[in-house]
Amino acid sequence: MATAQLTTDRLAEKHRSTLDQALATIRTRAYWSPYPEHPKAYGADGSLDAAAGLAAHQSALNTRFELDQPGTDGWTGGEISPYGPALGIEYPHADMDVLLPAMRAGTRAWRDAGAETRALVCLEILARISARTHEFAHAVMHTSGQAFMMAFQAGGPHAQDRGLEAVTYAYVEQTRTPAGRAEWSKPQGKRDPLELSKEFTPVGRGIALMIGCNTFPTWNGYPGLFASLATGNPVLVKPHPRAVLPLALTVRVAREVLAETGFDPNLVALAVERPGEGIAKTLAVRPEIRIIDYTGSTAFGDWLETNARQAQVYTEKAGVNTVVIDSTDNYKGMLANLAFSLSLYSGQMCTTPQNLLIPREGITTDQGPRSYDEVVADLAAAVGGLLGDDARANGLLGALVNPDVKARLEAAAGLGEVALASREVVNPEYPDAVVRTPVIVKLDGSKPDAQAAYFSECFGPVSFAVSVDSTEDALELLRRTVREQGAMTVGAYTTSADTERAVEEVCLEESAQLSLNLTGGVYVNQTAAFSDFHGSGGNPAANAALCDGAFVSNRFRVVEVRRQA
């Protein structure tokens with residue numbers, strides 16, 4: 001173990017005020033972030049500016065990514081940017097029979113450090129990641145296909161917010177029970193009281209396995225990683241094979257900070273698989289693995305929940321996100337908001353709307369009545385207008401993350417009448433990038449063949465304009481969809497107080513997060529840390545919410561030691 005260079009007092013001086021503000025904010029649910037969103041905010045106080053971040057990223061390409069972790073038995077890699085270039089980076093491949101015991105060796109000191117020290121160490125890790133946000137943005141961009149600004153914000157400060165949020169909830173849950181000794185005295189009448197001295201210690205469950213996703217490696221990865229680390233558990237990070245670099249950088253920073261604060265750097269380690277090795281399934285059932293965080297397909301999420309019986313499993317899986325369109329007093333704003341939501345990152349977000357439920361007879365608007373066909377045509381025109389300029393389209397769409405998304409997009413056009421055809425967009429900087437605009441397909445909600453299409457997730461830039469007999473029928477279809485398929489988000493547009501209450505009741509009963517009448521710069525597929533909950537944990541799309549007390553509280557147990565006073 002390295003000699004501590006950062007003392008607890010120094011960590012508290014640097015980060016206690018940030019932790020205190022985070023503790024206050026999760027109670028008020030107000031907007032706050034300690035991590036700047038604007039690229040020009042970086043470059044001072046040791047942080048990397050745009051040029052330095054790009055240079056740091058480029059220096060990692062075509063090299064071996066050294067981590068100096070135990071059990072390295074070879075090297076592996078193979079990431080190819082969705083924008084075309086191969087990254088050429090090799091990562092250490094680990095012998096788990098060596099690495100896992102090494103990860104457990106430092107748990108006693110990490111446990112004994114206490115909740116506050118663990119939180120402050122995690123904040124130091126996040127602060128150093130924040131200082132390298134420009135570098136991380138390029139890593140996220142070239143593994144996920146996000147456009148640069150989205151990779152910068154979602155993969156940088158927004159992901160860091162989610163990590164800090166998890167640390168904050170972890171701190172709250174661990175400090176509900178008093179630290180140190182508690183004196184206990186029970187009166188016994190004329191006899192002497194019964195007296196005990198009691199100590200309560202939060203104890204982690206064991207090694208946590210964080211299984212990363214391709215589309216949002218840091219945003220989806222940081223909550224589980226930091227929730228487990230802050231509650232006393234070592235964390236083994238298993239990135240998606242197409243998106244290793246952002247999480248490898250994270251592991252490197254975490255190991256550096258742990259060493260500098262006097263803890264075993266092996267409390268955080270990286271597990272990269274060889275092509276076709278599929279180590280996630282093998283790792284998930286090892287007895288050493290006691291916590292699992294996973295974002296990805298329903299099939300593997302269900303497998304984890306069924307088979308990883310020795311572990312506490314947190315999953316975010318697939319769902320069918322739905323928008324009910326009943327009426328609006330801002331038709332132009334509604335169309336613009338939906339167009340942006342459908343286009344952002346080519347719909348490759350677990351929160352992107354898929355099914356738009358529209359009454360067959362149309363809707364009322366501030367611009368007069370609009371038939372189903374008119375609403376769909378107007379929405380298609382709004383998307384087309386938003387993405388008509390190729391430079392703007394590239395900035396919003398990014399690149400398709402893998403060939404499966406492209407195949408789904410092309411197949412969707414054969415499912416019904418195409419209201420908006422997808423078109424190819426050329427990225428002049430990255431001509432090999434696969435960039436496509438969204439497709440909108442009209443479906444009759446009453447026909448069985450249409451139901452087969454819209455009742456399952458079609459991940460990517462695909463949306464279905466589903467005609468229904470009435471708003472009441474839309475609400476019943478919404479209820480069934482959330483209950484059976486799950487949903488990360490639900491949206492609705494209505495000027496009727498009764499309809500608003502009815503939509504809200506469906507979402508409360510089925511545990512789905514609802515956004516009503518969004519017509520401005522906030523979108524249904526965006527959530528803000530410290531204020532919004534991502535997922536609910538109450539429907540099939542996810543068994544946990546990011547982030548609440550339940551997300552962190554079962555990652556540790558409180559162990560009591562009683563002594564005769």
Side-chain angles (χ1 to χ4, degrees), residues 57 60-61 63-67 69 71-72 74-82 86-96 99-100 103 125 129 132 135-146 151 154-156 159-160 162-163 207-229 234-255 266-284 286 289 291-297 300-301 304 314-316 348 350 401-402:
H57 171 70
L61 303 178
T63 65
R64 281 190 167 177
F65 195 96
E66 300 284 351
L67 275 180
Q69 64 182 27
T72 297
W75 296 84
T76 187
E79 291 160 291
I80 298 175
S81 168
L87 302 192
I89 303 173
E90 289 188 311
Y91 302 94
H93 181 275
D95 179 343
M96 290 301 155
L99 180 59
L100 292 175
M103 293 183 70
I125 296 170
I129 291 171
R132 296 168 62 176
E135 178 185 2
F136 273 77
H138 290 286
V140 171
M141 174 183 176
H142 285 289
T143 53
S144 71
Q146 295 175 31
Q160 296 151 22
R162 283 297 185 193
I207 296 175
L209 172 65
M210 195 282 282
I211 303 174
C213 70
N214 193 175
T215 49
F216 288 89
T218 56
W219 197 99
N220 278 108
Y222 283 5
L225 191 165
F226 284 100
S228 290
L229 190 61
V235 182
L236 180 62
V237 176
K238 206 297 290 184
H240 191 284
R242 291 193 183 101
V244 179
L245 182 57
L247 292 177
L249 290 169
T250 302
V251 169
R252 177 182 277 171
V253 172
R255 291 174 63 83
N266 296 320
L267 288 166
V268 178
L270 186 70
V272 183
E273 59 193 299
R274 296 188 176 104
E277 187 178 9
I279 62 173
K281 186 172 282 191
T282 304
L283 286 170
R286 287 191 64 130
I289 301 300
I291 301 167
I292 298 173
D293 287 277
Y294 168 75
T295 299
S297 72
F300 191 58
L304 288 170
Y314 300 89
T315 60
E316 181 191 313
Q348 299 171 121
C350 62
V401 69
N402 60 54

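The analysis underlying the following values was restricted to heavy atoms, covering all of them including side chains, and did not include hydrogens, waters or symmetry mates. Numbering of residues begins at 1 and proceeds along the displayed sequence.
Residue Leu225 forms a side chain to side chain contact (heavy atoms under 4.5 Å, CB included) with just one option from Val235, Asp293, Ile125, and that option is Val235. Each of Val237, Ile291, Thr295, Thr250 was evaluated against Met210; a single residue qualifies, Val237, per the side chain to side chain contact (heavy atoms under 4.5 Å, CB included) test.
In this structure, Leu87 and Thr143 have side chains that are in contact, with non-hydrogen atoms separated by less than 4.5 Å. Contact of the Thr76 side chain with the Pro275 side chain is registered, since non-hydrogen atoms from C-beta on lie closer than 4.5 Å. No side-chain heavy atom of Leu270 sits under 4.5 Å from any side-chain heavy atom of Arg255. The side-chain heavy atoms of Arg162 and Phe226, taken from C-beta on, include no pair separated by under 4.5 Å. Side-chain contact check for Ile89 versus Val244: every heavy-atom pair is 4.5 Å or farther apart. Here the side chains of Thr218 and Ile129 are not in contact, with every heavy-atom distance at 4.5 Å or above. In this structure the side chain of Val272 never reaches within 4.5 angstrom of the side chain of His93, judged on heavy atoms.
Between the side chain of Gln348 and the main chain of Val401, a donor-acceptor pair closer than 3.5 Å is present.
Between His142 and His138, the ring-plane angle classifies as parallel under the 30° and 60° cut-offs. In this structure, Phe65 and Tyr91 have tilted ring planes: the angle between them lies in the 30° to 60° band.
Scanning all heavy atoms of the two residues, the minimum distance from Ala280 to Lys238 falls at CB-CE, 4.0 Å.
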